[in-house]
Amino acid sequence: MLLPLLQPDTERITPVEHKPTHDRAPEELALGSPLWLRDDLAELIGEEQVHSRLIDLVKYATDASPYRMFPKVVVSPRTVEEVNKIFAYAQEKGLPVTIRSAGSSLSGQSQGNGILIDARKHWAGASVEDGGKRLRVRPGTVMFRANLALHPYGYRLGPDPASSGVATVGGVIANNASGMCCGTVENSYKTLESVSFLLPSGTFINTADPDAENQFNLAEPALAAGLLEIKSDIEKDAALVARLKKKYSIKNTTGYHMGAFLDESTPLGIFRKLLVGSEGTLAFISEGVFETVLDDKYRLTAFLVFPDMHSACAAVAPFIAHGAAAAELSDRGSLRAVEGKPGVPDRWKTLPAEATALLVEFREPTPEKLGEAAKAAQSVLNGLTLLEPAEFTRDAHLAAQYWTIRSGLLPSIGGARPSGTSLILEDVCFPPDKLADGALDLQKLFPKHGYDGVVFGHASAGNLHFLITPSLNTEADVQRFDGFLRGVVELVVDKYDGSLKAEHGTGRNIAPFVEHEWGLKLTEMMWRLKKLADPKLMLSPDVMLTRDTKAHLRHLHTVPTVEEEVDRCIECGYCESVCPSRHITTTPRQRIVLRREMLRQPVGSIVTEALMKQYEYDAIETCAGDGSCALACPVGINTGMLMKRFRHEEHNKTEEYVAGKIAENWGFAEVGARTALTLNHIATSVYGGSLVAESALRIARSVVSKDLMPGWLPVIPPAAIPKVPPTSRENAAAVYFHACVNRIFASSDEAHGPNIADAMVAVSARAGMPLWIPDDLAGTCCATVWHSKGYADGNKYMANLVVEKMWEWSDGGKIPVVCDASSCTFGITSEIVSYLTLQNAERHKQLKLLDSVAWAHDYLLPKLTVHHQVESAVLHPVCALHHLGLVDQLQHVGEALAKKAVTPIYATCCAFAGDRGFLHPELTKSATSEEVHEIGDQEFEQHICSNRTCELGMNLATGKDYRSVIFLLEELTRPATEGATSIA
């Protein structure tokens with residue numbers, strides 16, 4: 001009789017006590033998009049590009065702002081032609097259209113209640129031109145990856161938002177986002193050389209075309225003429241011209257950038273400039289070409305603590321006058337938020353209430369220039385009164401600590417905020433000479449409206465951010481927020497004539513106040529511009545301009561309390577660019593957003609029922625659980641932990657029992673796995689097929705568990721040879737933990753050379769660092785097999801077994817243990833800890849576990865001679881190396897072994913995730929798609945990795961033979977007189 005094991009049952013997931021909220025998804029949304037809408041769009045652009053299920057509509061209803069709107073349908077067009085079809089259809093049906101890329105907008109710019117266009121999935125890619133002086137880039141490209149492409153050339157993009165890890169280039173252009181250094185001279189407005197765009201009318205223009213101006217005038221005569229009319233009206237008003245020049249002398253992203261009418265003379269020139277900061281309300285941008293800026297490598301950094309805000313702000317101008325690239329201000333509340341964090345001095349706890357800090361940095365292209373900057377910086381420093389001694393440092397490590405303190409504000413406050421509250425980060429800009437007064441007045445607004453807030457920002461530009469954590473769950477909460485926001489408007493505009501928005505775009509929260517800042521005349525000109533480009537007002541209504549004076553209070557969302565693993569989530573989306581399932585199902589942010597929606601619903605809700613059914617595959621099963629999200633998350637959330645908890649809660653006692661017994665008998669499981677692999681190899685080589693192994697695995701999965709037994713894939717290698725080379729415990733430099741994944745799956749080298757154990761033992765001995773392989777290694781494992789699936793009993797058994805064994809092998813932690821699979825190293829180092837007994841937890845602390853990459857880089861390579869280099873190698877740093885902090889070490893080893901060692905920009909987790917790639921190969925295909933595209937037709941002599949299952953995943957994705965870096969290290973350091981290492 002077959003056991004019905006691991007039939008997913010979401011009803012077993014422990015419910016969280018909750019009350020229904022007013023902003024919950026309506027019941028009619030349970031059926032997803034209207035059928036007519038779904039079918040019409042599927043016919044226009046293809047069924048795969050239309051996302052119409054309930055789960056799709058809910059997961060795209062949220063961005064990084066406090067707003068939430070449910071789209072009627074989500075579409076992922078692949079080409080400009082498909083976008084044009086969507087535009088035409090939307091206008092015909094009278095539906096609004098919102099263009100969304102990363103969804104990192106802080107003011108609701110990427111939300112809408114009509115058709116939502118995903119401009120990220122099919123819109124990534126960048127090419128370096130003119131030796132790095134220009135970058136041609138598509139809108140869905142994440143900023144940090146665009147800069148990675150430029151890095152080898154010594155250039156970077158001018159805009160430098162702090163959110164570059166998540167923000168896409170399209171969003172940066174659309175919001176004219178800037179950052180700590182670019183000010184008003186290196187932002188998108190100043191550095192975007194050309195742009196390709198599609199108007200709602202269907203007109204497509206590439207402004208770089210020689211005939212582009214004529215094309216624009218012929219295709220859009222009314223728009224061209226209207227732009228010139230607005231220009232004329234502005235230029236006739238001397239007071240308005242003077243006001244525009246004054247307002248744009250500091251950062252300003254409130255409304256359209258009307259300075260374009262003064263800066264350009266032709267219709268297309270004006271419109272190209274207007275697209276910057278237009279927030280998707282004028283056209284769809286399909287490509288941009290940036291003039292890049294030099295990425296000065298030589299840095300001089302200081303963290304200065306002043307007695308008060310005024311003295312800190314007074315120091316900004318002298319530093320900037322002497323060439324400082326950044327002057328980052330942090331008020332006392334900001335410093336208080338990071339107290340107790342790594343690198344933060346304990347003495348800061350005693351700083352007075354008025355203390356204010358400046359992080360100042362000089363960046364220069366040469367050491368000589370940096371020397372000159374050091375003299376200038378010291379001259380300013382000598383004249384300052386500080387609360388503690390300070391100096392400018394060239395120590396990159398110390399500078400990184402300073403920047404960690406500055407960047408730690410968001411996670412510290414976000415992570416500590418009360419459950420159920422939102423985190424709102426906004427920005428304003430004051431005239432630089434009024435910065436201190438403006439900052440102090442902002443601070444006074446917080447207690448006036450019952451908030452605890454902090455003020456920090458880019459002092460060099462007069463650009464301040466304020467951060468509050470309000471509850472928005474009741475009408476009283478909303479009214480309090482309204483009062484605070486109106487107080488900000490009066491303070492910034494009426495008292496200081498500053499900018500309500502400096503670098504985050506206008507958005508829903510400031511759209512009602514555009515007229516307050518700019519006045520009726522210029523605001524009406526903005527409306528004329530909008531209607532000229534978008535006559536039916538189809539694109540993003542109420543995002544840039546609105547007639548609704550309460551638009552900033554509509555669609556504010558509640559934040560229900562969810563499971564503790566993810567409750568601190570601020571929905572910023574930083575996790576999305578590294579998530580393996582980002583292009584196929586859901587991202588960590590979306591998994592949390594969906595869970596919060598379930599907890600907005602009443603008990604027995606049909607919305608919750610529908611969501612849970614779709615959540616099983618989209619969220620739980622296709623989560624790789626690799627933890628990459630935690631590395632990118634500003635508050636350190638590992639959403640995979642919650643998905644593993646859900647997997648555990650779905651199990652019944654029988655399933656847990658079977659998983660536990662498999663752990664107890666893992667030695668026999670290894671033999672069984674090798675037998676299956678041998679049968680597969682025989683079937684493939686003798687019969688030209690793999691039906692034997694496929695059938696055997698299919699039967700095994702039906703009897704045991706589809707979540708414990710892997711399926712069959714065409715890249716499955718033969719079984720590993722169970723013998724290992726002879727080693728001795730005497731005088732061993734380290735214990736060698738030969739991971740079970742390498743004991744089961746053969747490497748491609750085993751057919752004609754050494755296996756991984758042979759190579760590891762040989763190269764270590766050659767370096768004078770002999771290894772010892774314990775005799776009782778069989779049956780031990782890193783426990784990832786059980787941990788990733790949420791099998792607590794099996795996980796607990798194996799976690800404690802492997803620590804007990806390592807304690808014995810290492811003579812109580814006296815010698816290190818080296819592991820030859822990076823994911824196993826990380827699993828034993830970090831993931832098993834919470835499952836250990838108290839005794840084993842203490843033992844674990846005393847063990848020194850080294851990954852093969854660290855062993856090769858730190859211990860072997862310095863003692864070896866590389867006799868020759870291969871021409872080229874492409875490296876895939878697995879997610880475990882990111883967790884272990886060993887990515888640079890892999891690159892360094894690669895550079896020692898290859899004349900050209902390349903780590904692709906899009907190299908992220910392959911999603912094989914132990915054996916999840918066997919269970920869901922579509923996940924690996926999706927996770928590696930960008931990396932595969934980036935590698936393209938490039939030929940590399942070697943394909944390097946450090947984890948066997950990840951190598952299988954990359955082999956499946958690329959068709960190339962990825963293998964451990966240890967093989968290449970052994971081969972290239974082998975003396976000519978020494979024969980190839982034999983298979984034991």
Side-chain angles (χ1 to χ4, degrees), residues 25 29 31-63 68-103 105 108-125 138-141 168 170-171 174 196-202 204 279-287 534 536-541 543 573 576 581-587 589-590 593-594 614 618 926 929:
L29 214 63
L31 298 177
S33 302
L35 293 181
W36 60 268
L37 180 59
R38 181 199 67 187
D39 293 345
D40 284 355
L41 288 169
E43 185 176 349
L44 279 178
I45 63 172
E47 189 173 340
E48 289 187 1
Q49 315 314 318
V50 180
H51 314 289
S52 60
R53 301 171 302 157
L54 167 65
I55 199 169
D56 300 321
L57 307 185
V58 174
K59 74 184 184 183
Y60 278 107
T62 301
D63 58 16
R68 193 169 74 121
M69 298 178 71
F70 299 105
K72 284 186 171 57
V73 68
V74 180
V75 290
S76 299
R78 295 160 293 189
T79 64
V80 170
E81 290 74 21
E82 289 183 352
V83 176
N84 190 26
K85 290 178 181 180
I86 296 165
F87 277 4
Y89 177 81
Q91 290 175 99
E92 176 189 339
K93 299 295 183 180
L95 294 172
V97 172
T98 301
I99 302 165
R100 175 190 176 111
S101 190
S105 299
Q109 294 97 318
S110 55
Q111 298 179 24
N113 57 7
I115 299 174
L116 188 71
I117 293 179
D118 175 4
R120 179 173 59 175
K121 185 174 182 179
H122 299 296
W123 296 90
R138 305 187 80 206
T141 307
T168 60
S196 298
F197 63 89
L198 177 75
L199 288 166
S201 64
F204 178 77
E279 302 179 34
T281 63
L282 298 179
F284 177 87
I285 295 173
S286 63
E287 186 179 78
D534 180 20
K536 295 191 177 181
L537 304 181
M538 169 188 72
L539 294 176
S540 296
V543 162
E576 296 192 332
S581 56
R582 62 191 178 277
H583 292 318
I584 187 171
T585 51
T586 56
T587 65
R589 170 171 62 175
Q590 292 170 343
V593 162
L594 291 163
Q614 295 165 5
D618 281 45
S926 176
S929 60

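No hydrogens, no waters, no symmetry mates; every other heavy atom, side chains included, goes into these values.
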Check your understanding: Would Leu57 and Ser33 satisfy side chain to side chain contact (heavy atoms under 4.5 Å, CB included), going step by step from the backbone distance to the final call?
Key -> CA-CA 8 Å; Leu57 307 185; Ser33 302; 3.8 Å; yes
**Study point:** Spatial distance of atom CD1 (Ile55) from atom CG (Leu594) [nearest 0.5 Å]
**Key:** 4.5 Å
Review point. Quick one: does Glu576's side chain have a donor or acceptor within less than 3.5 Å of a partner on Thr587's backbone?
Key: no
Check your understanding: What's the verdict on side chain to side chain contact (heavy atoms under 4.5 Å, CB included) for Ile117 and Phe87, showing C-alpha distance, side-chain angles and the deciding distance?
Key -> CA-CA 10 Å; Ile117 293 179; Phe87 277 4; 4.0 Å; yes
Point to revise | Glu279: partners by salt bridge (charged side-chain N to carboxylate O under 4.0 Å, His left out), with sequence neighbours left out | key: none
Exercise for review: Using ring pair (Phe, Tyr, Trp, His ring centres under 6.0 Å) as the criterion, list what pairs up with Phe197, not counting sequence neighbours.
Suggested key: Phe271
Review point. Quick one: salt bridge (charged side-chain N to carboxylate O under 4.0 Å, His left out) partners of Arg582, sequence neighbours excluded?
Key: Glu930
Review point. Applying side chain to side chain donor-acceptor pair (under 3.5 Å), which residue pairs with at least one partner in residues 89-102 are found, sequence neighbours left out?
Key: Asp40-Tyr89, Ser101-Thr168
Exercise for review: Decide side chain to side chain contact (heavy atoms under 4.5 Å, CB included) for Leu95 and Leu37; before the verdict, give the C-alpha distance in whole Å, the side-chain angles of both, and the deciding distance to 0.1 Å.
Suggested key: CA-CA 10 Å; Leu95 294 172; Leu37 180 59; 3.8 Å; yes
Review point. In Å, rounded to the nearest 0.5 Å, how long is the span from CG of Leu31 to CZ of Arg38?
Key: 10.5 Å
Practice item. Please list all pairs passing the side chain to side chain donor-acceptor pair (under 3.5 Å) test where one or both residues lie in residues 48-57, with sequence neighbours left out. Key: Gln49-His122, His51-Ser76, Arg53-Asp56, Arg53-Asp618
Practice item. For Ser105, check side chain to side chain donor-acceptor pair (under 3.5 Å) against everything at least two apart and list the hits. Key: none
Point to revise | ring pair (Phe, Tyr, Trp, His ring centres under 6.0 Å) partners of Phe284, counting only residues at least two apart | key: Trp123
Practice item. Apply the side-chain contact (heavy atoms from CB on, under 4.5 Å) test between Pro77 and each candidate in Val75, Thr79, Val80; give the one that qualifies. Key: Val75
Exercise for review: Keeping the roles fixed (side chain from Lys59, backbone from Thr585), state whether a donor-acceptor pair exists under 3.5 Å.
Suggested key: yes
Review point. When rounded to the nearest 0.5 angstrom, what is the spacing between OG1 in Thr62 and CZ in Phe70?
Key: 7.5 Å
**Study point:** Listed partners of Ser581 passing side chain to side chain donor-acceptor pair (under 3.5 Å), at least two apart
**Key:** Arg591
Exercise for review: Not counting sequence neighbours, which residues clear side-chain contact (heavy atoms from CB on, under 4.5 Å) with Ala88? List them please.
Suggested key: none
Review point. In chain order, what residues pass the side chain to side chain donor-acceptor pair (under 3.5 Å) check against Thr281, with sequence neighbours excluded?
Key: Tyr256
Practice item. Applying side chain to side chain donor-acceptor pair (under 3.5 Å), name anything that partners Ser201, two or more places apart in sequence or on another chain. Key: Thr203, Glu220
Point to revise | Ile45 side chain reached by Val50 side chain, heavy atoms, under 4.5 Å | key: yes
Review point. Which residues pass the side-chain contact (heavy atoms from CB on, under 4.5 Å) test with Ser929, sequence neighbours left out?
Key: His583
Exercise for review: Supply the atom-to-atom distance Leu198 CG to Ile285 CD1, rounded to the nearest 0.5 angstrom.
Suggested key: 11.0 Å
